[in-house]
Asks: 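This is the structure I have questions about; it appears just below.
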Protein chains: 2
Amino acid sequence: EEVSKLLALKAQLSSEDAPPTKFVLKTAKGTRDYNPQQMTIRNNVLQKIITVFKRHGAECIDTPVFELKDVLTGKYGEDSKLIYDLKDQGGEILSLRYDLTVPLARYLAMNKINTLKRYHIAKVYRRDNPAMTRGRYREFYQCDFDIAGQYDLMVPDAECLKVVTEILDALDIGKYVLKVNHRRLLDGMFEACGVPNDKFRSTCSTVDKLDKSPWEEVRTEMINEKGVAPEAADRIGEYVRLNGGIELVDKLMQDEKLSKSKAAIEGLEGIKLLLHYCDLLGIKDKILFDLSLARGLDYYTGVIYEAVLTHPIKIGNEDQTIGSIAGGGRYDNLVGMFDSKNKQVPCVGVSIGVERVFSVLEARLAAGDISVRTSDVHVYVASAQKNFLDERMRICAELWNAGIETEQSYKKNPKMLNQLQHCEENGIPLAVILGESELKRGIVKIRNITTRQEEEVPRENLVQELKSRIELLDLKDVNGPLPK
Amino acid sequence: EEVSKLLALKAQLSSEDAPPTKFVLKTAKGTRDYNPQQMTIRNNVLQKIITVFKRHGAECIDTPVFELKDVLTGKYGEDSKLIYDLKDQGGEILSLRYDLTVPLARYLAMNKINTLKRYHIAKVYRRDNPAMTRGRYREFYQCDFDIAGQYDLMVPDAECLKVVTEILDALDIGKYVLKVNHRRLLDGMFEACGVPNDKFRSTCSTVDKLDKSPWEEVRTEMINEKGVAPEAADRIGEYVRLNGGIELVDKLMQDEKLSKSKAAIEGLEGIKLLLHYCDLLGIKDKILFDLSLARGLDYYTGVIYEAVLTHPIKIGNEDQTIGSIAGGGRYDNLVGMFDSKNKQVPCVGVSIGVERVFSVLEARLAAGDISVRTSDVHVYVASAQKNFLDERMRICAELWNAGIETEQSYKKNPKMLNQLQHCEENGIPLAVILGESELKRGIVKIRNITTRQEEEVPRENLVQELKSRIELLDLKDVNGPLPK
């Protein structure tokens, strides 16, 4: 608390002309507000994703934003230092959730649930060094789809890949490839290359850097930092440059070294079956079996996935490379870590990198490539004359009661120009214009804001007249981001 | 960290038959997971509320779950002790948000926004003593609608009340009354009763308890704890038993004591105008001007509201009293507290007590009064015969690609009975039944799960045949809570 007071004091001093009770106004480091445009983009993206999740029968769950610290302990390896802890205020020791996978495992174990197909969209927290320009924050959304249950090999695993393709197709964010690999094959590969058992994990997390660093650097790290023998590293280097389809699987099954490793064969057979199912699901051409894929997380036990955009995205006049846009895999042992009898519930899932999608769309919005409408208002009730607030209110109530999205000025006597400007600025397509002489004749005017045409309609038919015009509007115009 | 270790140790000791690495599995005190049924109820309720917010042109924003602690300091009076603080891990001193109003004010001031009509639905955090059976948690949703901007008196204020009526009507949760009062009238009343200026606030928060305690108790607290003179308390007692409509406003304007108070007259004129607008908006019969309404929050400056359910709600065979279901008011000075030049942005808003709504619906679900469908699946792809997984996969992919919500078993050779049972248990209306002899004839069967009737259709027309059947389904059946 002392620190807090000092910081407040410091903040006061640094904001020069502020009165003494003021401080620098900001959101916490690595976080941001979402303004209406950003929320529209976000809700639109999430709605498309949820539609796909539901198409596959997923149910929705949510968990608290914080967990008992013990729940998170020992699940994230060296990344545990990035966990946000709550202050001990007497009571339980709590931390903010770091992802949605560990809370799912805790949920399944706690409620003794053996099968669940669920999605979970929520914010998670990591005290990482934020790179906010590239869409990396300390508070960010995760968007997860997981299938828990004891099922036949690779059947739910293949459906996860199908889900990712449907989502990326729906978001229409560019061409992509779904890389797949298998944890058992990685283990078998390290074994076959002569890496000692206890170095599998750390070698694996080094291989994981291949998407960002060239092989030479990865090799150096392997040898100098992880203590892998140079010959072993070179053998690994031979394998991790391989990628392909079913023919590569068949070739590797004949590979002199790999064919002797039970783990490698198990992994290869898994990949083979997965590729077969992907063929049946019609997504074979989007899948790439890639031996360099080695997601770092400790808890994966089987297939691992990563979706990567293969082409840069055009933002304004610039091309931007996005890279990874979704990832996941199978983790059969995580739930058991929470069960007192170590009962396992096998799980497989994917996480959609929605923050990257948000960033791309926000950048495109800023570049003027797309436009966004942040409210759904169809009708504005206006008047050119004074003392029409009462009548405007009556009409607004009538339209609201009829379910029509309606706004009016909160001023008693607004100027006509300001009212029409509000409509134009906010993309409100229709205005009801009230005037004394028309009302005496039982008439109101409906103005089309775009065409500026006005039509007189009987006051008593107003709701019907508006509804029929709203139906004719291009409904795409009122939905989230769209081509300008 | 020491404490954390000790607690972990304690937890281990207390879970008897667990191996040493295990601990008691639970969510943090006062929090809960939302399971798929609860999420369906929640999403359904929120969707109805959002529809109303959007009908009134509200935009959506979101803010980080934590704020710099200084942002929250001094906004909640004695309740500040309930704020969750984050541990100082080097860097900024942070606290979890306590409501959505202060973050809104910070957002407006920080971005120098003068007008905004926004809704915000998010979780907030209070280290209160949870009464979870009555729907009170330490982590809970707030659902706020606010109008910021310098406008004419009571115009946005009246719209907030209209919004509440539309929401409560849409939720169809029982009869209600919207109580209104005015902070200036309360001040004027205390002044007229002889309460010293510096005791207005504390006297006000005592009056606030009238909804739960009888007058005698409130009177005692006023005199003994707040130091109000007995005669003053008795005069207050006369006023706070008054409630009514426009005629009460007129009567009080003539009241000997109140008419001498500038504040009281200002409040009464405000209420009179508000009631007039409510009349125009067609909600007069739902409004009750009630002098006992005295919401505790420090930041209100004008009108205050509270929506109360007037009848107990039937849950199973029992009646349950719910009470307050929404509340709000005008707070014209909060944004200025964040602005270095003290620039004010007047605001008025309401918060819907969605947790109470969730609790009622969850209780009705538990009592069997309503049922809930947690997934949207329309079609299940099944087979009675072995080795049909490949064909099932092909058909699932075809249906998913056609946008049809589809599931299948993740087992290679599931039993027919289990497949049909899954459909019945999950309310899946249609099954596609594959058989070898039918497929050879280019035929598949569509089974209506409810009627158990099966029809043969050409395999190539499957998508069309399913779509036309899905269109005929009662769509209400697939949407959230519904009468059983």
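This structure is a prediction, so every number in the text was calculated from the model and none was measured. Letters go in sequence order (proteins before strands), and every chain restarts at 1.
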Asks: Please lay out, stage by stage, how A/Val163 and B/Trp400 fare under the test side-chain contact (heavy atoms from CB on, under 4.5 Å).
Replies: CA-CA 9 Å; A/Val163 164; B/Trp400 286 324; over 6 Å; no
Asks: Kindly indicate, with the supporting measurements, whether the criterion side-chain contact (heavy atoms from CB on, under 4.5 Å) is fulfilled by A/Asp88 and B/Lys87.
Replies: CA-CA 7 Å; A/Asp88 182 1; B/Lys87 192 172 162 185; over 6 Å; no
Asks: Quick one: side chains of residues 147-156 of chain A, donor-acceptor pairs under 3.5 Å with protein atoms, not counting sequence neighbours, listed by atom name and distance.
Replies:
residue, atom, partner, partner atom, Å
A/Asp152, OD2, B/Lys412, N, 2.7

Asks: Run the numbers on B/Lys26 and A/Glu92 for side-chain contact (heavy atoms from CB on, under 4.5 Å), then give the verdict.
Replies: CA-CA 11 Å; B/Lys26 60 187 288 291; A/Glu92 299 159 335; 2.5 Å; yes
Asks: Name the region of A/Asn43, side chain, backbone, both or neither, that has any atom closer than 4.5 Å to a heavy atom of chain B.
Replies: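 Contact with chain B involves the side chain of A/Asn43 alone.
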Asks: Where does A/Ile113 contact chain B at under 4.5 Å (heavy atoms): side chain, backbone, both or neither?
Replies: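 For A/Ile113, there is no contact with chain B at all, as no heavy atom is under 4.5 Å.
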Asks: With a 4.5 angstrom heavy-atom cut-off, could you sort out which part of A/Arg138 is near chain B: side chain, backbone, both or neither?
Replies: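 Interface part for A/Arg138: neither.
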Asks: Salt bridge check: are A/Asp62 and B/Lys123 linked by an N-O gap of less than 4.0 Å?
Replies: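 A salt bridge is present here (some side-chain N lies under 4.0 Å from a carboxylate O).
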Asks: Should B/Arg55 and A/Glu407 count as an ion pair when the cut-off is N to O under 4.0 Å?
Replies: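 Salt bridge absent between B/Arg55 and A/Glu407.
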Asks: Using side-chain contact (heavy atoms from CB on, under 4.5 Å), reason through A/Asn35 and B/Tyr107 one step at a time and then give a plain yes or no.
Replies: CA-CA 9 Å; A/Asn35 67 29; B/Tyr107 174 84; 3.1 Å; yes
Asks: For chain A, which of B/Arg42, B/Glu166, B/Glu67 has the most heavy-atom pairs under 4.5 Å?
Replies: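 Heavy-atom pair counts peak at B/Glu166.
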Asks: So which of A/Glu139, A/Gln37, A/Gln38, A/Lys29 has the biggest tally of heavy-atom pairs under 4.5 Å with chain B?
Replies: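 Highest number of pairs under 4.5 Å: A/Glu139.
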Asks: Against chain B, label A/Leu94 side chain, backbone, both or neither, depending on which of its atoms sit under 4.5 Å from a heavy atom there.
Replies: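 The side chain, not the backbone.
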Asks: Give the member of A/Glu391, A/Met39, A/Glu398 that has the highest number of heavy-atom pairs under 4.5 Å with chain B.
Replies: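 Among A/Glu391, A/Met39, A/Glu398, the one with the most close pairs to chain B is A/Met39.
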Asks: Find out whether A/Thr27 and B/Met110 are in side-chain contact, i.e. whether some heavy atom of one side chain is under 4.5 Å from a heavy atom of the other.
Replies: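 Heavy-atom side-chain distance check passes, below 4.5 Å.
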Asks: Using a cut-off of under 4.5 Å on heavy-atom pairs, state which of A/Arg32, A/Glu405, A/Lys411 scores highest against chain B.
Replies: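 Most heavy-atom pairs within the cutoff with chain B belong to A/Glu405.
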Asks: Would you check if there is a donor-acceptor pair between the side chains of B/Glu59 and A/Ser375 at a distance under 3.5 Å?
Replies: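 Absent: no donor and acceptor within the cut-off.
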Asks: For each of A/Asp390, A/Thr51, A/Thr165, A/Asn426, tally heavy-atom pairs with chain B at distances under 4.5 Å, and name the one with the top tally.
Replies: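 Ranked by heavy-atom pairs under 4.5 Å with chain B, first place is A/Asp390.
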